[in-house]
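Counting from 1, the numbers follow the sequence of the chain as shown. We count ligands from 1, going down the list as the structure has it; atoms in each ligand are counted the same way.
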Amino acid sequence: MIIESGTSLRDTRETIGLSQAKLAEITGIPQHALSGYELGKFELDKRQLNQLQSVLGNAGLVSGTIARKKRYQSHEYKAVVHDPRRVDRYAQTLGNKLYLELLSSLSSERASLAGTAISLFSGCGGLSLGFAWAGFAVKGFLELDPALRRIYSMNFPHAKELGADITKLSDDKIKAAHSITGDVDLIIGGPPCQGFSLSGKRDVNDPRNTLFLDYLRFVDVYKPKIAVLENVRLLTSMKSSEGHYVKDEIKREFEKRGYLVGLFDANAKDYGVPQHRERVFFIAVRRDLGASPSFPDLTHGQAGDGDLFSNFAPCRTFADACSDLTFLESGETANDPMHAAVAHPQHVIDWLWDVPEGQSAHDNDDPSKRPPSGYNTTYKRQVWAEPGATVQTTFGMISGCRNVHPIATRSLTVREAARLQSFPDSYKFTGSLGSIRTGIGNAVPPLLAYAIAKHISKAL
Ligand SMILES: C[S@@+](CC[C@H](N)C(=O)[O-])C[C@H]1O[C@@H](n2cnc3c(N)ncnc32)[C@H](O)[C@@H]1O
């Protein structure tokens with residue numbers, strides 16, 4: 001059997017019905033390397049290629065491996081007893097009371113008008129909520145996903161729907177949107193990162209590659225005073241097909257249009273959000289305003305952060321976000337329909353039951369309590385007294401990255417994820433659980449957005 005490329009390896013594997021995990025196991029080549037090779041993103045060395053050839057040429061080993069049954073065939077579900085020591089550790093913190101008071105006062109107090117905005121790539125509205133808290137009236141929004149548009153509209157009933165797919169909006173439609181909303185001070189929003197080309201992979205026919213340019217078409221028409229563009233940190237290392245950093249291309253495009261641009265790294269935990277979440281923000285300020293782009297100072301930190309004179313409040317923790325919520329084990333539901341735990345099979349509960357905070361079931365000494373494949377960032381418990389891990393759209397999957405509750409043995413509920421993202425309980429979510437999870441996992445935490453919006457409102 002000759003393996004000439006990643007594609008031929010994948011074809012061979014799929015034809016004979018051998019999973020990538022099992023191939024990794026019998027070749028000793030890490031699964032991520034096999035996966036990267038199959039996707040054309042990673043080169044295997046000569047020794048690994050030889051190993052592949054020799055293992056795949058061993059028909060007995062291959063057929064035996066394929067025929068081997070999974071260790072866990074049946075999915076048995078049982079009620080999980082509440083362990084009194086765990087329930088004791090699950091005590092409400094003072095920080096939790098203060099956090100809930102803060103979120104509820106931000107939602108109920110009406111800030112004086114700081115300016116106007118439109119929101120692009122609005123998602124379920126995390127970024128918009130922070131700007132609204134700071135007094136910005138969001139006049140219009142644009143979002144591709146109809147389920148997220150519904151959530152957005154419920155929470156921002158006065159914002160006009162300016163369209164769905166930005167790539168399908170003609171320049172005339174953008175002008176029409178402008179005449180509906182009138183001029184605004186700000187454009188806010190972050191095109192999804194697939195919208196930027198990766199080195200050598202740019203496909204001009206892939207509409208996702210134009211999303212940033214579509215954002216700029218709005219800038220061309222609206223000419224806002226300030227544009228805020230959020231993205232994942234990965235963007236700062238991405239290069240275009242011409243070999244330029246995408247971040248420099250973004251800056252250049254804004255500069256061509258008469259804006260001064262700053263690029264700022266932020267971790268949400270440094271602004272009072274009970275979650276590690278690293279993002280980048282471009283702040284583009286129209287040159288005629290005579291101001292340079294800047295970013296708010298950090299407000300929260302760990303002991304030892306900052307210099308002698310800094311005065312950080314301690315970072316908020318998982319417990320500060322969630323310790324008032326009903327203690328739930330796998331499959332249980334509280335009165336709040338958003339606080340319902342996914343039911344996990346008994347063998348997964350067994351793997352995770354004794355896993356300490358901050359560790360993964362893959363770290364278990366007993367091999368029978370380790371998941372059969374994967375890495376120790378998965379099946380991992382969070383830490384009660386530290387900021388939560390980055391909330392992703394997959395937070396309901398126990399096998400995902402750091403999705404296990406610090407004390408209970410289950411994945412996170414929607415309410416917990418919303419709290420870690422700093423959505424107040426009064427924020428309305430509707431639609432399928434999948435859409436709600438997508439909206440929450442993709443959102444900019446409203447408290448982080450609020451810090452940026454307050455900073456901008458001072459400048460305006
Ligand atoms: C990272 S999320 C935005 C989250 C939002 N800023 C928040 O704080 O809730 C990006 C959004 O862009 C939307 N999107 C992707 N492609 C789009 C397109 N072509 N037109 C409009 N929206 C699009 C996605 O559906 C997704 O909700």
Student: Between F141 and F156, does the ring centre distance come in under 6.0 Å?
Tutor: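 No, they do not, as the ring centres are separated by 6.0 Å or more.
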Student: Would you please say whether a donor-acceptor pair under 3.5 Å links the side chains of S422 and Y450?
Tutor: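 No, no side-chain donor-acceptor contact under 3.5 Å.
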Student: Please verify whether a non-hydrogen atom of C124 lies at under 4.0 Å from ligand 1.
Tutor: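 The answer is yes, since C124 has a heavy atom less than 4.0 Å from ligand 1.
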Student: Just jot down the ligand 1 atoms closer than 4.0 angstrom to any heavy atom of A164, in number order.
Tutor: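 Taking each heavy atom of A164 in turn, ligand 1 has 20 (N), 21 (C) under 4.0 Å.
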Student: Taking only residues two or more places apart in sequence, or in another chain, which ones meet H455 in a ring-ring contact (aromatic ring centres under 6.0 Å, His included)?
Tutor: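 If we apply the ring-ring contact (aromatic ring centres under 6.0 Å, His included) test to H455, skipping adjacent residues, there are no hits.
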Student: Heavy atoms only, cut-off 4.0 Å: how does A443 contact ligand 1, side chain, backbone, both, or neither?
Tutor: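 Both backbone and side chain of A443 come within 4.0 Å of ligand 1.
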Student: Using only heavy-atom distances, determine whether the side chains of T317 and D320 contain a donor-acceptor pair under 3.5 Å.
Tutor: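 Checked: T317/D320 side chains pair up, N/O donor to acceptor below 3.5 Å.
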Student: If we set the cut-off at 4.0 Å for heavy atoms, which region of D214 has an atom near ligand 1: side chain, backbone, both, or neither?
Tutor: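 The answer is neither; D214 stays 4.0 Å or more away.
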Student: Find out whether the Lys NZ or Arg CZ of R86 is both under 6.0 angstrom from the six-membered ring centre of W353 and within 45° of the ring's axis.
Tutor: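 Yes, R86 lies over the aromatic ring of W353.
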Student: Heavy atoms only, cut-off 4.0 Å: how does L148 contact ligand 1, side chain, backbone, both, or neither?
Tutor: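 Side chain only.
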Student: Pick one of side chain, backbone, both or neither for how L120 approaches ligand 1, counting any non-hydrogen atom pair under 4.0 Å.
Tutor: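 It is neither; nothing of L120 touches ligand 1.
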Student: Among pairs that include at least one residue of residues 377-388, which meet salt bridge (Lys or Arg N to Asp or Glu O under 4.0 Å), considering only residues two or more places apart or in two chains?
Tutor: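 Passing the test, one end in residues 377-388: no pairs.
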Student: At under 4.0 Å between heavy atoms, is it the side chain or the backbone of S122 that contacts ligand 1, or both, or neither?
Tutor: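 Backbone only.
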